[in-house]
Amino acid sequence: MLETRNICLEVEGEEEPLFLLNNINFCVPKGHFMAIVGPSGCGKTTLLKSIAGIMATTSGSFFWEGRDLAEEGDFKPYEIGYVPQFSIAYDELTVDESIECSARLRVKGDEDEINDLIDSVLEETGLTEIADRQVKRLSGGQKRRLALAMELVSHPRVLLCDEVTSGLDPRSEREIVELLHNLSRKEGRIVISVTHSLAQMELYDSIMVLVKGNLAYHGSPGAMIHYFGVQHVEDVYPQLSLREPEEWSQSWLKHRADYYRRMESEHVEKYRLMGQEPPAEGEGAGEDEEEEEETPSFFCQFFHLLKRRFTILARDKTQLILQLVMIIVFPILVALFSSKGQEQLHNLTDQAGNDIAAEVQQQQTIAETRAKVGSAQSGIIMFEIILLGLMGSNNSAREIAGERQIMEKEKFAGTKTSAYISSKLVYLAVLVLVQSLWMYLFVQYFWPLRGDTWNHLGFLLLANAAMTTVCLGISANCKNPDQASLLSIYLVGFQLPLSGAVLALPSMIESVTQPFISAYWAWSGSVMGLDNDVLKAVNGIVQTTFSEISLCHVVLAVHVVVGIVLAYIGARRERWE
């Protein structure tokens, strides 16, 4: 049995506190199908999220099978399923792949057990015939079925559904309600569905009516018309406006016992008409009460998350083409400047002539050559780093923010944050390695670096990795992908002017901004690895002070670590819509 006692959720108002939920009390027996209805803004979704533990209540208690969820531990991931309003599947995956990934993240079992589970869920939700169809090609009703299928892999004892019939045609709506009804008749499962529709009320075991956070009614569908004194169920909403919400709540408390007895009697009768006995309270939902299920290990979740991410990349033509274009075009842009400062490197000498005018002319030529070579060497290195920064921003700016709701849903179902972030880091590490290595090899072929090439490659990798991880941290802490993309672009945009590579900053500003500019440290470390003559040429035209190579390594490594920490902290924080 699921029971609530005096549930209240209070928020700050302009003049006085507002109650989103006000003294909510109800009981739902096992094997029960309940609808939560009411006018817009009455607290339906708020109550559902409070039951799930997504929203914290101000006071009151939830009890599951006699267990106080606040005092004795919340729902276990396998005990509860939550189907939100938004889509919880990736468009690029097929129906079968989506259900399989959900099962791999939630359920322990060998290959045969998982395959049997997937087949069973596909059949139960009527998705077998379209198992190979991509999610983006599904109809609204099929997506709702998929969302339910992805929850059923763990055999939840309580299934919470938020507006799963919203936007569907009448036929599809009825099919979904009938499916939910059937699911409530298996394994003693409680199914609670938030809906704005008053159709198909006869399929529910009970209807809960909320009005401005107050419980106005909770009883059988047949008794609802009598309770509200109307002739048709559609007249219930207008009737609610005839009293204050608190009056409806007080009225319900007076009549609750009688209507609960009727609801219980009708519930038992429905099961007997089906030739079944209603599930007894205290019985497990097909599992030994003493045997606690566990979610798959970190490594299992990590592997399947990583596999899924590369599958999505391979099928996302837009992102794949963008990645290929950047990897191919950006090095070409750098190579366009490959002739700069190369052909005259041998003239960097201080030979003296017998003729004073000739000597002055020669020194002037040498100074111009030094300036040309120094400018080209410094500029091309910074150009590589800035372009890799753009790649890093594109790699991860939307990586978490763009799938935030899916991630929250999977965390709710037992996916470990550490496994999720680790899979992202390995995926991004592959991108960083390919991008940086190709940039290095391509540019090196056309513009051989006059210095320590391995040192330069290391800084290209670190520059890309630093920007990628920092933008991943931004993505994990932003409300939406557009905000994350905008902040990441700003971050890359300020790298060049604040690096001091073009114009030296005032020393006071430089000391404040420099630690945060990864481009400066990668550029500075690469320049310090140049040949002595070339380094002198760069020093002749750049006023910014260069840092030691070892310090550059340390600071860029710190950037990477900070980005990873920010990503982990942001991913752990709950951010439901």
Side-chain angles (χ1 to χ4, degrees), residues 88 90 101 105 295 297-310 312-313 316 319 323 388-436 461-495 515-519 521-522 553-577:
I88 59 169
Y90 292 91
C101 188
L105 294 176
T295 54
S297 67
F298 164 87
F299 294 102
C300 180
Q301 291 184 343
F302 163 78
F303 173 77
H304 290 290
L305 288 168
L306 185 61
K307 177 184 175 182
R308 182 180 69 182
R309 187 61 189 89
F310 278 109
I312 293 171
L313 175 64
D316 187 345
Q319 184 62 23
Q323 285 287 351
L388 286 172
L390 285 172
M391 289 184 180
S393 172
N394 179 74
N395 288 342
S396 58
R398 304 174 72 90
E399 190 64 24
I400 295 178
E403 57 184 39
R404 186 76 202 201
Q405 298 309 309
I406 296 178
M407 182 191 72
E408 291 294 346
K409 182 66 201 66
E410 291 178 341
K411 283 166 48 185
F412 179 82
T415 299
K416 300 172 179 64
T417 304
S418 55
Y420 179 83
I421 291 297
S422 296
S423 70
K424 293 296 183 188
L425 292 175
V426 172
Y427 164 74
L428 293 172
V430 172
L431 294 185
V432 167
L433 184 62
V434 172
Q435 293 165 350
S436 304
L461 285 166
L462 282 172
N464 194 348
M467 187 58 66
T468 297
T469 52
V470 169
C471 289
L472 185 68
I474 291 173
S475 182
N477 288 277
C478 283
K479 294 181 179 179
N480 56 66
D482 292 334
Q483 183 186 62
S485 293
L486 190 61
L487 289 176
S488 297
I489 289 173
Y490 284 158
L491 179 62
V492 176
F494 283 112
Q495 291 286 304
F516 305 100
I517 308 302
S518 60
W521 300 98
H553 282 138
V554 170
V555 175
L556 287 171
V558 169
H559 280 217
V560 172
V561 172
V562 168
I564 294 173
V565 171
L566 287 175
Y568 182 77
I569 292 173
R572 278 186 60 87
R573 183 182 303 136
E574 290 187 1
R575 197 185 291 276
W576 292 88
E577 285 185 349

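Residue numbers count from 1 along this sequence. The figures here come from the full heavy-atom set of this structure, side chains too, leaving out hydrogens, waters and symmetry mates.
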Verdict with supporting geometry, Glu403 and Lys424, salt bridge (Lys or Arg N to Asp or Glu O under 4.0 Å): CA-CA 12 Å; Glu403 57 184 39; Lys424 293 296 183 188; 2.6 Å; yes

Audit row: Met391, Leu388, side-chain contact (heavy atoms from CB on, under 4.5 Å) steps and yes/no: CA-CA 5 Å; Met391 289 184 180; Leu388 286 172; 3.8 Å; yes

side-chain contact (heavy atoms from CB on, under 4.5 Å) evaluation trace for Ile400 with Arg575: CA-CA 11 Å; Ile400 295 178; Arg575 197 185 291 276; over 6 Å; no

side-chain contact (heavy atoms from CB on, under 4.5 Å) between Leu487 and Cys478, intermediate numbers included: CA-CA 9 Å; Leu487 289 176; Cys478 283; 3.6 Å; yes

Criterion side-chain contact (heavy atoms from CB on, under 4.5 Å) on Met467 and Leu491, from CA distance to verdict: CA-CA 9 Å; Met467 187 58 66; Leu491 179 62; 3.7 Å; yes

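Under the side chain to side chain donor-acceptor pair (under 3.5 Å) criterion, Ser436 pairs with Asn464, not counting sequence neighbours. Evaluation of the salt bridge (charged side-chain N to carboxylate O under 4.0 Å, His left out) rule for Lys411 yields Glu408 as partners, not counting sequence neighbours.
Between the Ser297 side chain and the Cys300 main chain, a donor and an acceptor come within less than 3.5 Å of each other. Side chain of Asn394 to main chain of Leu390: no donor-acceptor pair is present (N/O by atom type, distance under 3.5 Å, no hydrogens or angles). Listed for the His559 side chain is a donor-acceptor partner under 3.5 Å among the backbone atoms of Pro515. Counting only distance, with no hydrogens or angles, the side chain of Gln301 and the backbone of Gly414 share a donor-acceptor pair below 3.5 Å.
Atoms OG and NZ, on Ser422 and Lys416 in that order, are 11.5 Å from each other to the nearest 0.5 Å. To the nearest 0.5 Å, atom CZ of residue Phe412 and atom CD1 of residue Ile88 are 11.0 Å apart. Put simply, CD1 on Ile406 and OH on Tyr420 are 8.5 Å apart, with the number rounded to the nearest 0.5 Å. Annotation: the span from Leu428 atom CG to Leu472 atom CG amounts to 6.0 Å, rounded to 0.5 Å. Here Trp521 contributes atom CH2 and Ile517 contributes atom CD1; the two are 10.5 Å apart, rounded to the nearest 0.5 Å. Atoms CZ and OG, on Arg398 and Ser488 in that order, are 10.0 Å from each other to the nearest 0.5 Å.
Within the 4.5 Å cutoff, the side chain of Leu433 has heavy atoms near those of the Leu461 side chain. Side-chain atoms of Leu305 and Glu410, non-hydrogen and from C-beta on, do get closer than 4.5 Å to each other. Within the 4.5 Å cutoff, side-chain heavy atoms of Gln323 are placed close to those of Asn395.
Closest approach of Phe516 to Gln495, counting heavy atoms only: O-NE2, 4.2 Å. Of all heavy-atom pairs between Tyr427 and Leu306, the closest is N-CD1, 3.7 Å. In terms of heavy atoms, Cys471 sits closest to Gly392 at CB-O, 4.4 Å. Of all the heavy atoms in Ala571 and Ile421, the pair that sits closest is CB-CD1, 3.7 Å. Residues Ser393 and Val492 approach most closely at CB-CG2, 3.8 Å, considering heavy atoms.
Within 6.0 Å of CZ on Phe494 lie no more than 12 heavy atoms contributed by other residues, nucleotides or ligands. More than 12 heavy atoms of other residues, nucleotides or ligands shown are found within 6.0 angstrom of CZ on Phe298.
Counting only residues at least two apart or in different chains, side chain to side chain donor-acceptor pair (under 3.5 Å) contacts with residues 469-479 comprise Asn477-Arg573.
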